[in-house]
2 protein chains.
Amino acid sequence: MSKDLPAANKSRRRSDQITLSQVAQAAGVSPITASRALNHPDKVSNSTRQSVLESVERLGYVPNLIAGSLASSRSRLIAVIVPSLINSVFVEVIKGLQETLEAQGYQILLGNTDYDLDREYQLVRTFLGWSCSALVTAGLRHNDACHTLLANWGHPIMEVMELGNGIDLNVGLDHVAAGRCMASHLVDRGYQRIVYVGARLSHDYRAGMRYEGHKAVLKAKGLEAPLLEMDTLGTLQAGAESLAQVLQHYPATQAIHFANDDLAAGALLAAQRQGLQVPGDIAIAGFNGLPLGQHITPKLTTILSPREDMGRLAAQELIRRLSGKSVYRRQHDVNFTLQVGEST
Amino acid sequence: MSKDLPAANKSRRRSDQITLSQVAQAAGVSPITASRALNHPDKVSNSTRQSVLESVERLGYVPNLIAGSLASSRSRLIAVIVPSLINSVFVEVIKGLQETLEAQGYQILLGNTDYDLDREYQLVRTFLGWSCSALVTAGLRHNDACHTLLANWGHPIMEVMELGNGIDLNVGLDHVAAGRCMASHLVDRGYQRIVYVGARLSHDYRAGMRYEGHKAVLKAKGLEAPLLEMDTLGTLQAGAESLAQVLQHYPATQAIHFANDDLAAGALLAAQRQGLQVPGDIAIAGFNGLPLGQHITPKLTTILSPREDMGRLAAQELIRRLSGKSVYRRQHDVNFTLQVGEST
DNA sequence: AAGGAAAATGGTAGCGCTGTCATGATAGCG
DNA sequence: CGCTATCATGACAGCGCTACCATTTTCCTT
């Protein structure tokens, strides 16, 4: 009978991936030197770096980032948590973040809360488990557990979209001011009976903040500030439906201030189809400055929010912070711009 | 002088995060039992599970997923690589993926290639380093290195968007057929001088495939199939501009078949502004079935592509595969639907 | 009550990499 | 020419967790 092979293979390796040690061996250096050749190229001699890189190429080595992250407790992952992917606003922020972060070798871990703060908390917990280098989240509102967790985390946290007292870094705009800005524009234009239309303001609470600004301006002028809140997402469809509801509930309405451009454009297109003149019969204003608004006739009056810039700026500040630079600002106001179109 | 403390602290721990061992100690069990209580709850008794969970809660333990992944060489990360985030089509696929995968406890690692296959290769390399459970990428075209890498990877790979012979799994639709479908519709409507308008077809090669289908139909009818290719992204703006170019270069054009709804809607809105009748003066067709098309007047004739479904289905197939079920199909055709509007 | 299967728990040894410190090689200086 | 400062490299151990196997406990069965 044949002797069994000694139980030499205690290894638990389940994949036959090339490891750094093999690369090192091929290059005739120690593993740690190979590691340095890849991660701190300035700390090894030119010749070793060359031969390590050559071995990497030849063997098709793909670094195991998980092992590296565990050993160094740094991961070059950045968690990005948004409340929705349907709303293109968040996607544009992600895009701005992405292009800046990827260029610096960071990867984005994407999470979607669907406007649920408990879900956000769960996602944050999970992401912390990934030892993310930083975390970006949309908005300043979190549930208590989440807030505590983040506040004690010890890595950079970037809260985007709105401006205010955040946990750490903050890039956003002043939504109350934006609401005031548009309301003032409408009042200046001579409209008096103005309805604000939003969708699920408990979710899209930034739209609620804009309403607060709107209301403050109207009250100051002694005007009513009726609110119509749709219980749907803020889509073209909802905008179209809201128009009918406004006309029914507030027949004398002269202008509608919509919480976003989708709603506004939906209403505008619906008005057109119904033969209503905009702004003759009814004026319409939106928020965001989506391209669509500039292509419909009449062009939509709206407030331009620099969404990609917001993402880019947030990413830049994070990178600055992560690279240890002390020169960064905790808060950035990305300003909005009133874009007067033909619809008011 | 006082004796130095023995060099007890050889620990490299840089964070003071609670570890599983501490949880185990608090619960009076061994670390491995605590691990099981969290990851294989059915393999421990009710009482131990309870006390472990209680300790987790009390200590605020957040599992270190990196360590867990290294030990188990499984990561519950799924890489998703798309060519663009500007194009809402990909975002909707991501959304479908996201909602299904997150519900199963997977996280999405998002990558954006900007239509650059070399960039895709780089992203794939990085993502493989994260020991992703699976990888989703948009499209069947990759550079050679990328293709080789993926083909040898050994984990599920899902190629979405278009239908064809993929590396592994594939969920998509037949773009050539979609092009034929719309072309046939236009021809059936009696249009003969039809221009196809696309944007950067080398990037958006699926639009190129639709053009191939389009051309085949027209040629079969003995008609010319002129192509106007814009060197911009396929946006509303580009659509508006392309209209002028079509009218200039092909003044007798009766219908325009646009590569997507954004272009088509841009052209339609521009036509409107210029007082052109659609479809009286010129017919317009798009592709995708974006909501916008159904809100403009005339409603846009388009082809509905089930984008979120595509993402959801892709995610479901992946999950099925990942959970070891052998009952899955390598290829899924998510069918498109011709949506006849008022613009043709 | 004895025997055996199944369930519950624990010990050990890594997963692949990098931080830390130690060592050897090279250069710089008066 | 000796002595220190710098650079290049390596040995070792450990990041926090889980696979694997061994052991103990529990629960049936006849």
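At a threshold of 4.5 Å between non-hydrogen side-chain atoms, the residues A:N143 and A:D118 count as touching. Inter-residue side-chain proximity for A:I86 and B:K95 is flagged as met; some heavy-atom pair is nearer than 4.5 Å.
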Please tabulate, one pair per line, each protein N/O and nucleotide N/O from nucleotides 5-9 of chain D that are separated by under 3.5 Å, including the distance.
residue	atom	partner	partner atom	Å
D:dT9	OP1	A:S45	OG	3.3
D:dT9	OP1	A:T48	OG1	3.4
D:dT9	OP2	A:S45	N	3.0
D:dT9	OP2	A:T48	OG1	3.0

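Atom pair B:Q50:CD and C:dA8:P shows a separation of 14 Å (rounding to whole Å applied). In this structure, A:I66 atom CD1 and C:dG14 atom C1' are separated by 16 Å, rounded to whole Å. For the pair B:Q25 CD and C:dG10 C1', the computed distance is 15 Å after rounding to whole Å. One interatomic measurement links the two molecules: CD of A:Q17 to P of C:dG16, which rounds to 9 Å at whole-angstrom precision. Per the geometry, CD belonging to B:Q22 stands 9 Å off P belonging to D:dG16, to the nearest Å. At whole-Å resolution of the value, CZ in B:R49 and C1' in C:dA7 are 13 Å apart. In this entry the distance linking CG of B:L70 with C1' of D:dA19 reads 12 Å, nearest Å.
Residues passing the side chain to side chain contact (heavy atoms under 4.5 Å, CB included) test with A:A34 are A:L20, A:A24, A:V29, A:V52, sequence neighbours excluded. Contacts of B:R36 classified as side chain to side chain donor-acceptor pair (under 3.5 Å), with partners at least two apart in sequence or in another chain: none. Taking A:D114 as the reference, nothing meets the side chain to side chain donor-acceptor pair (under 3.5 Å) condition, with sequence neighbours excluded.
A residue-by-residue look at A:A67 and A:H40 shows that A:A67 has its nearest nucleotide of DNA chain C further toward the 5' end. Toward the 5′ end of DNA chain C lies the nearest nucleotide of B:A34, the other residue of the pair A:I18 and B:A34 mapping further downstream.
A heavy atom closer than 4.0 Å to some atom of DNA chain D occurs in no member of residues 126-135 of chain A. Near DNA chain C, defined here as any heavy-atom distance below 4.0 Å, the residues from residues 55-64 of chain A are A:Y61, A:N64, listed numerically.
Taking each heavy atom of B:I66 and A:W130 in turn, the nearest pair found is CD1-O, 3.2 Å. Across every non-hydrogen atom of A:F127 and A:V80, the tightest pair is CE1-O, 4.4 Å.
Judged purely by atom type and a 3.5 angstrom limit, A:N170 has no side-chain atom pairing as donor or acceptor with the backbone of A:Q331. The backbone N or O of B:N112 lies less than 3.5 Å from a partner atom in the side chain of A:E102, making a donor-acceptor pair.
Within 4.0 Å of A:R74, counting heavy atoms only, lie sugar-phosphate atoms of the nucleic acid but no base atom.
Taking CD of A:Q104 as the start and CD of A:E99 as the end, the distance is 12.0 Å to the nearest 0.5 Å.
Look at A:S35 and you'll find a side-chain N or O under 4.0 angstrom from OP1 or OP2 of C:dT18.
The aromatic rings of B:H142 and B:H147 sit tilted, their planes meeting at an angle between 30° and 60°.
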